[in-house]
2 protein chains.
Amino acid sequence: MAIRERRERERAERERAIVAAARELAESEGWDAVTTRRLAAEIEYSQPVLYSHFKGKGAIMAAVAVEGCGDLAAELAAARAAATDERQAVAGIATAYADFAERRPALYDAIFNLPTELPFASQDVPVELARAFAELAETLRPFAGDDNLETFTETFWSGLHGLVSLMRNGRLRREEHERRLALLVDRFARLG
Amino acid sequence: MAIRERRERERAERERAIVAAARELAESEGWDAVTTRRLAAEIEYSQPVLYSHFKGKGAIMAAVAVEGCGDLAAELAAARAAATDERQAVAGIATAYADFAERRPALYDAIFNLPTELPFASQDVPVELARAFAELAETLRPFAGDDNLETFTETFWSGLHGLVSLMRNGRLRREEHERRLALLVDRFARLG
DNA sequence: CCGGAACTCTAGCACCGCTAGCCAAGCTGC
DNA sequence: GCAGCTTGGCTAGCGGTGCTAGAGTTCCGG
(Lines give C-alpha, C1' and ligand atoms only; values in the text may rest on other atoms or scores of the structure.)
Protein backbone atom coordinates (compact mmCIF):
# COMPACT_ATOMS: atom_id res chain seq x y z
CA MET A 1 0.00 0.00 0.00
CA ALA A 2 3.01 2.26 -0.18
CA ILE A 3 1.95 3.10 -3.69
CA ARG A 4 -1.29 4.52 -2.44
CA GLU A 5 0.64 6.65 -0.01
CA ARG A 6 2.90 7.95 -2.74
CA ARG A 7 -0.15 8.83 -4.80
CA GLU A 8 -1.70 10.71 -1.97
CA ARG A 9 1.58 12.51 -1.39
CA GLU A 10 1.81 13.49 -5.02
CA ARG A 11 -1.78 14.60 -5.00
CA ALA A 12 -1.23 16.82 -1.95
CA GLU A 13 1.88 18.21 -3.58
CA ARG A 14 -0.08 19.07 -6.70
CA GLU A 15 -2.72 20.80 -4.62
CA ARG A 16 -0.05 22.95 -3.02
CA ALA A 17 1.31 23.69 -6.48
CA ILE A 18 -2.09 24.94 -7.62
CA VAL A 19 -2.44 27.33 -4.71
CA ALA A 20 1.15 28.51 -5.09
CA ALA A 21 0.69 29.12 -8.81
CA ALA A 22 -2.53 31.05 -8.21
CA ARG A 23 -0.85 33.16 -5.58
CA GLU A 24 2.24 33.93 -7.63
CA LEU A 25 0.22 34.70 -10.72
CA ALA A 26 -2.11 36.98 -8.77
CA GLU A 27 0.78 38.78 -7.10
CA SER A 28 2.72 39.31 -10.29
CA GLU A 29 -0.08 40.04 -12.78
CA GLY A 30 -3.23 40.58 -10.74
CA TRP A 31 -6.29 38.42 -10.25
CA ASP A 32 -7.56 39.13 -13.75
CA ALA A 33 -4.63 37.10 -15.08
CA VAL A 34 -5.55 34.12 -12.93
CA THR A 35 -7.70 31.97 -15.19
CA THR A 36 -8.26 28.27 -14.91
CA ARG A 37 -6.56 27.71 -18.25
CA ARG A 38 -3.52 29.69 -17.24
CA LEU A 39 -3.38 27.92 -13.90
CA ALA A 40 -3.60 24.53 -15.55
CA ALA A 41 -0.75 25.42 -17.90
CA GLU A 42 1.33 26.61 -14.96
CA ILE A 43 1.10 23.31 -13.12
CA GLU A 44 1.41 21.38 -16.39
CA TYR A 45 -1.90 19.57 -16.09
CA SER A 46 -5.17 19.99 -17.89
CA GLN A 47 -7.97 22.22 -16.66
CA PRO A 48 -10.30 19.55 -15.23
CA VAL A 49 -7.60 18.49 -12.77
CA LEU A 50 -8.19 21.74 -10.91
CA TYR A 51 -11.79 20.71 -10.29
CA SER A 52 -10.74 17.41 -8.74
CA HIS A 53 -8.98 19.45 -6.04
CA PHE A 54 -11.26 22.45 -5.65
CA LYS A 55 -14.94 23.10 -6.18
CA GLY A 56 -14.14 25.98 -8.51
CA LYS A 57 -12.03 29.04 -9.03
CA GLY A 58 -13.53 30.67 -5.96
CA ALA A 59 -12.32 27.84 -3.76
CA ILE A 60 -8.78 28.24 -5.11
CA MET A 61 -8.89 31.94 -4.35
CA ALA A 62 -10.15 31.18 -0.86
CA ALA A 63 -7.20 28.84 -0.34
CA VAL A 64 -4.82 31.61 -1.39
CA ALA A 65 -6.62 33.96 0.99
CA VAL A 66 -6.14 31.58 3.91
CA GLU A 67 -2.42 31.36 3.15
CA GLY A 68 -2.32 35.13 3.01
CA CYS A 69 -3.95 35.37 6.41
CA GLY A 70 -1.00 33.47 7.82
CA ASP A 71 1.44 35.96 6.34
CA LEU A 72 -0.58 38.90 7.58
CA ALA A 73 -0.81 37.44 11.08
CA ALA A 74 2.95 36.88 11.14
CA GLU A 75 3.72 40.44 10.08
CA LEU A 76 1.30 41.90 12.59
CA ALA A 77 2.78 39.76 15.35
CA ALA A 78 6.29 40.88 14.45
CA ALA A 79 5.23 44.51 14.52
CA ARG A 80 3.62 44.10 17.93
CA ALA A 81 6.64 42.30 19.32
CA ALA A 82 8.95 45.06 18.13
CA ALA A 83 7.00 47.83 19.82
CA THR A 84 8.51 49.73 22.71
CA ASP A 85 5.36 50.94 24.40
CA GLU A 86 1.61 50.44 24.17
CA ARG A 87 0.83 53.47 22.10
CA GLN A 88 3.67 52.88 19.69
CA ALA A 89 2.48 49.30 19.33
CA VAL A 90 -0.76 50.55 17.83
CA ALA A 91 1.10 52.81 15.41
CA GLY A 92 3.44 49.98 14.50
CA ILE A 93 0.75 47.42 13.85
CA ALA A 94 -1.22 49.96 11.80
CA THR A 95 1.82 50.63 9.64
CA ALA A 96 2.48 46.92 9.29
CA TYR A 97 -1.13 46.39 8.20
CA ALA A 98 -0.99 49.17 5.62
CA ASP A 99 2.38 47.97 4.35
CA PHE A 100 1.05 44.47 3.90
CA ALA A 101 -1.85 45.75 1.82
CA GLU A 102 0.47 47.95 -0.20
CA ARG A 103 3.12 45.32 -0.81
CA ARG A 104 0.78 42.44 -1.58
CA PRO A 105 -2.33 43.95 -3.05
CA ALA A 106 -3.51 40.76 -4.71
CA LEU A 107 -3.24 38.81 -1.50
CA TYR A 108 -4.99 41.55 0.42
CA ASP A 109 -7.84 41.63 -2.07
CA ALA A 110 -8.25 37.88 -1.86
CA ILE A 111 -8.65 38.12 1.90
CA PHE A 112 -10.82 41.18 2.25
CA ASN A 113 -12.21 42.54 -0.98
CA LEU A 114 -13.03 39.77 -3.38
CA PRO A 115 -16.51 38.31 -3.07
CA THR A 116 -15.19 34.97 -1.96
CA GLU A 117 -17.04 32.54 0.23
CA LEU A 118 -14.23 32.57 2.78
CA PRO A 119 -15.94 31.90 6.11
CA PHE A 120 -15.58 34.95 8.32
CA ALA A 121 -18.30 35.67 10.76
CA SER A 122 -19.23 32.04 11.20
CA GLN A 123 -17.64 29.82 13.83
CA ASP A 124 -15.11 28.20 11.52
CA VAL A 125 -12.96 31.20 10.72
CA PRO A 126 -9.57 30.12 9.40
CA VAL A 127 -7.25 29.94 12.38
CA GLU A 128 -4.73 32.22 10.65
CA LEU A 129 -7.32 34.94 10.32
CA ALA A 130 -8.30 34.61 13.95
CA ARG A 131 -4.63 35.02 14.84
CA ALA A 132 -4.34 38.21 12.82
CA PHE A 133 -7.45 39.60 14.47
CA ALA A 134 -6.16 38.61 17.90
CA GLU A 135 -2.90 40.48 17.30
CA LEU A 136 -4.88 43.62 16.62
CA ALA A 137 -7.12 43.08 19.62
CA GLU A 138 -4.24 42.51 22.04
CA THR A 139 -2.50 45.62 20.81
CA LEU A 140 -5.64 47.69 21.30
CA ARG A 141 -6.61 46.22 24.66
CA PRO A 142 -5.06 49.00 26.77
CA PHE A 143 -7.13 51.58 24.91
CA ALA A 144 -10.54 49.93 24.63
CA GLY A 145 -11.74 51.46 27.88
CA ASP A 146 -15.41 50.73 28.50
CA ASP A 147 -15.98 49.54 24.96
CA ASN A 148 -16.22 45.86 24.15
CA LEU A 149 -12.74 44.86 22.95
CA GLU A 150 -13.95 42.91 19.97
CA THR A 151 -16.21 45.69 18.75
CA PHE A 152 -13.50 48.25 19.38
CA THR A 153 -11.02 46.17 17.37
CA GLU A 154 -13.47 45.69 14.52
CA THR A 155 -13.95 49.43 14.29
CA PHE A 156 -10.25 50.22 14.26
CA TRP A 157 -9.68 47.46 11.76
CA SER A 158 -12.40 48.93 9.56
CA GLY A 159 -10.57 52.24 9.66
CA LEU A 160 -7.39 50.60 8.47
CA HIS A 161 -9.22 48.66 5.80
CA GLY A 162 -10.97 51.77 4.55
CA LEU A 163 -7.70 53.70 4.36
CA VAL A 164 -5.84 51.09 2.40
CA SER A 165 -8.62 50.06 0.07
CA LEU A 166 -9.69 53.58 -0.81
CA MET A 167 -6.10 54.60 -1.42
CA ARG A 168 -5.27 51.54 -3.46
CA ASN A 169 -7.97 52.19 -5.99
CA GLY A 170 -7.22 55.86 -6.28
CA ARG A 171 -9.93 57.32 -4.06
CA LEU A 172 -7.47 59.00 -1.67
CA ARG A 173 -4.44 61.21 -2.23
CA ARG A 174 -1.46 58.95 -1.79
CA GLU A 175 0.84 61.63 -0.40
CA GLU A 176 -1.39 62.09 2.66
CA HIS A 177 -1.34 58.42 3.54
CA GLU A 178 0.96 58.59 6.54
CA ARG A 179 -0.82 61.56 8.00
CA ARG A 180 -4.17 59.77 7.77
CA LEU A 181 -2.68 56.69 9.36
CA ALA A 182 -1.26 58.74 12.22
CA LEU A 183 -4.57 60.48 12.65
CA LEU A 184 -6.46 57.22 12.89
CA VAL A 185 -3.99 55.82 15.40
CA ASP A 186 -4.21 59.01 17.42
CA ARG A 187 -7.98 58.70 17.64
CA PHE A 188 -7.92 55.11 18.84
CA ALA A 189 -4.77 54.93 20.96
CA ARG A 190 -5.75 57.38 23.63
CA LEU A 191 -7.13 56.85 27.10
CA GLY A 192 -10.70 57.86 27.91
CA MET B 1 -31.60 71.66 -39.46
CA ALA B 2 -34.28 70.82 -36.94
CA ILE B 3 -33.89 67.22 -37.95
CA ARG B 4 -30.32 67.20 -36.76
CA GLU B 5 -31.45 68.62 -33.46
CA ARG B 6 -34.11 65.97 -33.09
CA ARG B 7 -31.48 63.32 -33.77
CA GLU B 8 -29.17 64.70 -31.17
CA ARG B 9 -32.04 64.85 -28.71
CA GLU B 10 -32.92 61.23 -29.39
CA ARG B 11 -29.32 60.25 -29.05
CA ALA B 12 -28.99 61.97 -25.68
CA GLU B 13 -32.21 60.31 -24.59
CA ARG B 14 -30.86 56.93 -25.56
CA GLU B 15 -27.69 57.56 -23.62
CA ARG B 16 -29.72 58.34 -20.51
CA ALA B 17 -31.70 55.16 -21.13
CA ILE B 18 -28.49 53.13 -21.16
CA VAL B 19 -27.30 54.52 -17.85
CA ALA B 20 -30.76 54.13 -16.31
CA ALA B 21 -31.02 50.54 -17.49
CA ALA B 22 -27.57 49.73 -16.12
CA ARG B 23 -28.44 51.28 -12.80
CA GLU B 24 -31.78 49.55 -12.45
CA LEU B 25 -30.39 46.21 -13.48
CA ALA B 26 -27.48 46.54 -11.07
CA GLU B 27 -29.73 47.57 -8.20
CA SER B 28 -32.24 44.81 -8.77
CA GLU B 29 -29.98 41.91 -9.73
CA GLY B 30 -26.43 42.98 -8.95
CA TRP B 31 -23.58 44.00 -11.23
CA ASP B 32 -23.01 40.43 -12.37
CA ALA B 33 -26.33 40.60 -14.18
CA VAL B 34 -25.30 43.74 -16.05
CA THR B 35 -23.91 42.42 -19.32
CA THR B 36 -23.68 44.31 -22.57
CA ARG B 37 -26.12 41.89 -24.21
CA ARG B 38 -28.66 42.29 -21.44
CA LEU B 39 -28.25 46.05 -21.50
CA ALA B 40 -28.73 46.14 -25.25
CA ALA B 41 -31.90 44.08 -24.96
CA GLU B 42 -33.18 46.40 -22.25
CA ILE B 43 -32.90 49.52 -24.41
CA GLU B 44 -34.08 47.57 -27.48
CA TYR B 45 -30.99 48.23 -29.56
CA SER B 46 -28.12 46.02 -30.60
CA GLN B 47 -24.91 45.67 -28.61
CA PRO B 48 -22.64 47.84 -30.75
CA VAL B 49 -24.86 50.85 -30.11
CA LEU B 50 -23.58 50.89 -26.55
CA TYR B 51 -20.07 51.40 -27.86
CA SER B 52 -21.10 54.43 -29.88
CA HIS B 53 -22.04 56.09 -26.59
CA PHE B 54 -19.44 54.72 -24.20
CA LYS B 55 -15.92 53.44 -24.57
CA GLY B 56 -16.87 50.20 -22.88
CA LYS B 57 -18.72 48.62 -20.02
CA GLY B 58 -16.45 50.36 -17.53
CA ALA B 59 -17.48 53.75 -18.83
CA ILE B 60 -21.15 52.88 -18.41
CA MET B 61 -20.49 51.81 -14.83
CA ALA B 62 -18.64 55.06 -14.22
CA ALA B 63 -21.65 57.00 -15.50
CA VAL B 64 -23.87 55.11 -13.07
CA ALA B 65 -21.40 55.87 -10.30
CA VAL B 66 -21.53 59.60 -11.02
CA GLU B 67 -25.32 59.51 -10.84
CA GLY B 68 -25.05 57.65 -7.57
CA CYS B 69 -22.73 60.31 -6.18
CA GLY B 70 -25.53 62.82 -6.65
CA ASP B 71 -27.92 60.66 -4.63
CA LEU B 72 -25.36 60.13 -1.91
CA ALA B 73 -24.61 63.84 -1.69
CA ALA B 74 -28.31 64.63 -1.40
CA GLU B 75 -28.86 62.14 1.40
CA LEU B 76 -25.82 63.35 3.32
CA ALA B 77 -26.95 66.95 2.94
CA ALA B 78 -30.41 66.07 4.23
CA ALA B 79 -28.93 64.31 7.23
CA ARG B 80 -26.72 67.29 8.03
CA ALA B 81 -29.60 69.71 7.68
CA ALA B 82 -31.75 67.68 10.05
CA ALA B 83 -29.17 67.63 12.81
CA THR B 84 -29.82 69.46 16.07
CA ASP B 85 -26.26 69.98 17.22
CA GLU B 86 -22.74 69.52 15.93
CA ARG B 87 -22.04 66.20 17.53
CA GLN B 88 -25.36 64.74 16.54
CA ALA B 89 -24.72 65.95 13.01
CA VAL B 90 -21.71 63.64 12.78
CA ALA B 91 -23.74 60.72 14.08
CA GLY B 92 -26.54 61.52 11.66
CA ILE B 93 -24.36 61.81 8.61
CA ALA B 94 -22.55 58.61 9.52
CA THR B 95 -25.86 56.77 9.79
CA ALA B 96 -27.02 58.27 6.51
CA TYR B 97 -23.81 57.12 4.84
CA ALA B 98 -24.13 53.58 6.17
CA ASP B 99 -27.79 53.45 5.24
CA PHE B 100 -27.03 54.51 1.71
CA ALA B 101 -24.48 51.74 1.34
CA GLU B 102 -26.90 49.24 2.85
CA ARG B 103 -29.92 50.28 0.83
CA ARG B 104 -28.15 50.65 -2.52
CA PRO B 105 -25.25 48.25 -2.47
CA ALA B 106 -24.82 48.14 -6.23
CA LEU B 107 -24.64 51.89 -6.47
CA TYR B 108 -22.22 52.07 -3.57
CA ASP B 109 -19.98 49.47 -5.15
CA ALA B 110 -19.95 51.34 -8.43
CA ILE B 111 -18.78 54.47 -6.65
CA PHE B 112 -16.24 53.07 -4.24
CA ASN B 113 -15.40 49.42 -4.73
CA LEU B 114 -15.42 48.49 -8.37
CA PRO B 115 -12.13 48.98 -10.19
CA THR B 116 -13.57 51.68 -12.37
CA GLU B 117 -11.60 54.48 -13.92
CA LEU B 118 -13.79 57.07 -12.24
CA PRO B 119 -11.55 60.11 -11.76
CA PHE B 120 -11.10 60.73 -8.05
CA ALA B 121 -7.89 62.21 -6.88
CA SER B 122 -7.36 64.12 -10.10
CA GLN B 123 -8.61 67.64 -10.61
CA ASP B 124 -11.74 66.67 -12.49
CA VAL B 125 -13.61 64.87 -9.75
CA PRO B 126 -17.30 64.65 -10.57
CA VAL B 127 -18.97 67.64 -8.98
CA GLU B 128 -21.51 65.37 -7.23
CA LEU B 129 -18.73 63.50 -5.49
CA ALA B 130 -17.09 66.73 -4.39
CA ARG B 131 -20.43 67.78 -2.92
CA ALA B 132 -20.74 64.56 -0.95
CA PHE B 133 -17.22 64.98 0.38
CA ALA B 134 -17.90 68.60 1.27
CA GLU B 135 -20.95 67.61 3.29
CA LEU B 136 -18.79 65.30 5.35
CA ALA B 137 -16.08 67.91 5.74
CA GLU B 138 -18.44 70.65 6.89
CA THR B 139 -20.02 68.34 9.42
CA LEU B 140 -16.62 67.42 10.82
CA ARG B 141 -15.15 70.93 10.81
CA PRO B 142 -15.90 71.67 14.47
CA PHE B 143 -13.95 68.58 15.52
CA ALA B 144 -10.90 68.68 13.26
CA GLY B 145 -8.89 70.67 15.78
CA ASP B 146 -5.30 71.10 14.67
CA ASP B 147 -5.61 68.50 11.96
CA ASN B 148 -5.99 69.45 8.33
CA LEU B 149 -9.74 69.31 7.63
CA GLU B 150 -9.40 67.45 4.36
CA THR B 151 -7.11 64.82 5.82
CA PHE B 152 -9.32 64.51 8.87
CA THR B 153 -12.37 64.02 6.67
CA GLU B 154 -10.62 61.44 4.51
CA THR B 155 -9.75 59.45 7.60
CA PHE B 156 -13.26 59.51 9.02
CA TRP B 157 -14.65 58.67 5.62
CA SER B 158 -12.27 55.70 5.41
CA GLY B 159 -13.61 54.49 8.71
CA LEU B 160 -17.15 54.61 7.39
CA HIS B 161 -16.16 52.95 4.16
CA GLY B 162 -14.32 50.19 5.98
CA LEU B 163 -17.29 49.52 8.24
CA VAL B 164 -19.84 49.25 5.47
CA SER B 165 -17.73 47.34 3.00
CA LEU B 166 -16.42 44.80 5.48
CA MET B 167 -19.89 44.24 6.83
CA ARG B 168 -21.51 43.98 3.44
CA ASN B 169 -19.31 41.12 2.33
CA GLY B 170 -19.65 39.24 5.57
CA ARG B 171 -16.41 40.16 7.30
CA LEU B 172 -18.10 41.78 10.29
CA ARG B 173 -20.88 40.66 12.60
CA ARG B 174 -23.96 42.46 11.42
CA GLU B 175 -25.57 42.71 14.84
CA GLU B 176 -22.74 44.89 16.13
CA HIS B 177 -23.06 47.38 13.31
CA GLU B 178 -24.68 50.22 15.23
CA ARG B 179 -22.29 49.90 18.12
CA ARG B 180 -19.30 50.12 15.78
CA LEU B 181 -20.80 53.14 14.07
CA ALA B 182 -21.37 54.86 17.39
CA LEU B 183 -17.84 54.01 18.46
CA LEU B 184 -16.36 55.52 15.32
CA VAL B 185 -18.43 58.67 15.69
CA ASP B 186 -17.41 58.93 19.33
CA ARG B 187 -13.73 58.81 18.39
CA PHE B 188 -14.00 61.53 15.78
CA ALA B 189 -16.65 63.86 17.20
CA ARG B 190 -14.86 64.93 20.31
CA LEU B 191 -12.86 68.04 21.10
CA GLY B 192 -9.11 67.82 21.65
C1' DC C 1 -33.11 61.85 -58.43
C1' DC C 2 -28.88 60.22 -57.04
C1' DG C 3 -24.16 59.88 -54.64
C1' DG C 4 -22.32 59.91 -50.22
C1' DA C 5 -22.49 60.17 -45.33
C1' DA C 6 -24.33 58.52 -41.03
C1' DC C 7 -25.92 54.92 -38.50
C1' DT C 8 -27.46 50.25 -36.98
C1' DC C 9 -27.32 45.51 -37.58
C1' DT C 10 -25.59 40.58 -38.06
C1' DA C 11 -21.98 37.75 -37.32
C1' DG C 12 -18.00 36.55 -35.23
C1' DC C 13 -13.41 36.76 -32.42
C1' DA C 14 -10.94 35.43 -28.40
C1' DC C 15 -11.61 34.58 -24.07
C1' DC C 16 -14.00 32.95 -19.59
C1' DG C 17 -15.61 29.03 -15.86
C1' DC C 18 -16.92 24.59 -15.99
C1' DT C 19 -18.14 19.57 -17.44
C1' DA C 20 -19.33 15.22 -20.16
C1' DG C 21 -17.38 11.35 -21.86
C1' DC C 22 -13.41 8.84 -23.70
C1' DC C 23 -9.22 6.30 -22.92
C1' DA C 24 -5.10 4.46 -20.82
C1' DA C 25 -2.92 2.90 -16.82
C1' DG C 26 -2.84 0.07 -12.66
C1' DC C 27 -4.92 -2.77 -9.03
C1' DT C 28 -7.67 -7.06 -7.84
C1' DG C 29 -9.53 -11.75 -8.03
C1' DC C 30 -9.34 -15.95 -10.38
C1' DG D 1 -0.59 -14.67 -15.85
C1' DC D 2 -4.51 -12.75 -17.30
C1' DA D 3 -9.43 -10.61 -17.55
C1' DG D 4 -12.07 -7.08 -15.71
C1' DC D 5 -12.84 -3.19 -13.04
C1' DT D 6 -11.54 1.19 -10.95
C1' DT D 7 -9.02 5.36 -11.04
C1' DG D 8 -7.76 9.45 -12.98
C1' DG D 9 -6.24 12.66 -16.59
C1' DC D 10 -7.30 13.97 -21.13
C1' DT D 11 -9.76 16.14 -25.33
C1' DA D 12 -13.51 18.53 -26.76
C1' DG D 13 -17.23 21.32 -26.09
C1' DC D 14 -21.17 24.21 -23.80
C1' DG D 15 -22.97 28.56 -22.80
C1' DG D 16 -21.50 32.69 -21.47
C1' DT D 17 -18.44 37.27 -21.53
C1' DG D 18 -16.66 42.11 -23.63
C1' DC D 19 -15.88 43.90 -27.83
C1' DT D 20 -15.49 44.78 -33.16
C1' DA D 21 -15.30 44.27 -38.39
C1' DG D 22 -17.92 44.75 -42.16
C1' DA D 23 -22.35 44.59 -44.44
C1' DG D 24 -26.57 46.84 -45.21
C1' DT D 25 -30.01 50.47 -44.74
C1' DT D 26 -31.67 54.98 -44.23
C1' DC D 27 -31.54 59.69 -44.91
C1' DC D 28 -29.51 64.27 -46.27
C1' DG D 29 -27.47 67.67 -49.67
C1' DG D 30 -26.62 68.91 -54.27
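Below, read A as the first sequence line, B as the second, and so on, with proteins coming before strands; counting in each chain starts at 1.
At a non-hydrogen distance threshold of 4.0 Å, B:Val34, B:Thr35, B:Thr36 from residues 23-36 of chain B come into contact with DNA chain D.
Atom CD of A:Glu10 is separated from atom C1' of C:dG26 by 14 Å (rounded to the nearest Å). When rounded to the nearest whole Å, the span between CG of B:Leu50 and C1' of D:dG18 equals 11 Å. Going from atom CE of B:Met61 over to atom C1' of D:dT17 covers 14 Å, rounded to whole Å. Atom NZ of A:Lys55 and atom P of C:dG17 are 15 Å apart (whole Å). When rounded to the nearest whole Å, the span between CZ of B:Arg38 and P of D:dG16 equals 12 Å. The distance between atom CG of B:Leu39 and atom C1' of D:dG18, rounded to the nearest whole Å, is 12 Å. Rounded to an integer number of Å, the gap from OH of B:Tyr51 to P of D:dG22 is 18 Å. Nucleotide D:dT7 holds its C1' atom 13 Å from the NE2 atom of A:His53, rounded to whole Å.
Partners of B:Glu86 by salt bridge (Lys or Arg N to Asp or Glu O under 4.0 Å), not counting sequence neighbours: none found. For A:Ala83, the side chain to side chain contact (heavy atoms under 4.5 Å, CB included) criterion is met by A:Gln88, A:Ala89, not counting sequence neighbours. Residues satisfying the side chain to side chain contact (heavy atoms under 4.5 Å, CB included) criterion with A:Tyr45, sequence neighbours excluded, are A:Arg14, A:Ile43, A:Val49. For A:Glu15, there are no salt bridge (Lys or Arg N to Asp or Glu O under 4.0 Å) partners, not counting sequence neighbours. Annotation: side chain to side chain contact (heavy atoms under 4.5 Å, CB included) contacts of A:Ser165 (sequence neighbours excluded): A:Asn113, A:His161, B:His161.
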Check step by step if ring-ring contact (aromatic ring centres under 6.0 Å, His included) holds for B:Phe143 and B:Phe156.
-> CA-CA 11 Å; B:Phe143 304 102; B:Phe156 180 67; 9.7 Å; no
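Using a cut-off of 4.0 Å between Lys/Arg side-chain N and Asp/Glu carboxylate O, A:Glu128 and A:Arg131 are scored as not salt-bridged.
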Could you go through residues 64-78 of chain A and list every donor-acceptor pair under 3.5 Å that involves a side-chain atom there, pairing it with any protein atom two or more places apart or in another chain?
| unit_1 | atom_1 | unit_2 | atom_2 | d |
| --- | --- | --- | --- | --- |
| A:Glu67 | OE1 | A:Arg23 | NH1 | 2.8 |
| A:Asp71 | OD2 | A:Arg23 | NH2 | 2.4 |
| A:Asp71 | OD2 | A:Arg104 | NH2 | 3.2 |
| A:Glu75 | OE1 | A:Arg103 | NH2 | 2.8 |
| A:Glu75 | OE2 | A:Arg103 | NH2 | 2.8 |

Output one line per pair: protein atom, nucleotide atom from nucleotides 8-14 of chain C, and distance, for all N/O pairs under 3.5 Å.
| unit_1 | atom_1 | unit_2 | atom_2 | d |
| --- | --- | --- | --- | --- |
| C:dT8 | OP1 | B:Arg14 | NH1 | 2.9 |
| C:dT8 | OP1 | B:Arg14 | NH2 | 3.4 |
| C:dT8 | OP2 | B:Arg14 | NH2 | 3.4 |
| C:dC9 | OP2 | B:Ser46 | N | 3.0 |
| C:dC9 | OP2 | B:Ser46 | OG | 2.7 |

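For residues 35-53 of chain B, the set of pairs meeting the salt bridge (charged side-chain N to carboxylate O under 4.0 Å, His left out) definition, not counting sequence neighbours, comprises B:Glu29-B:Arg38.
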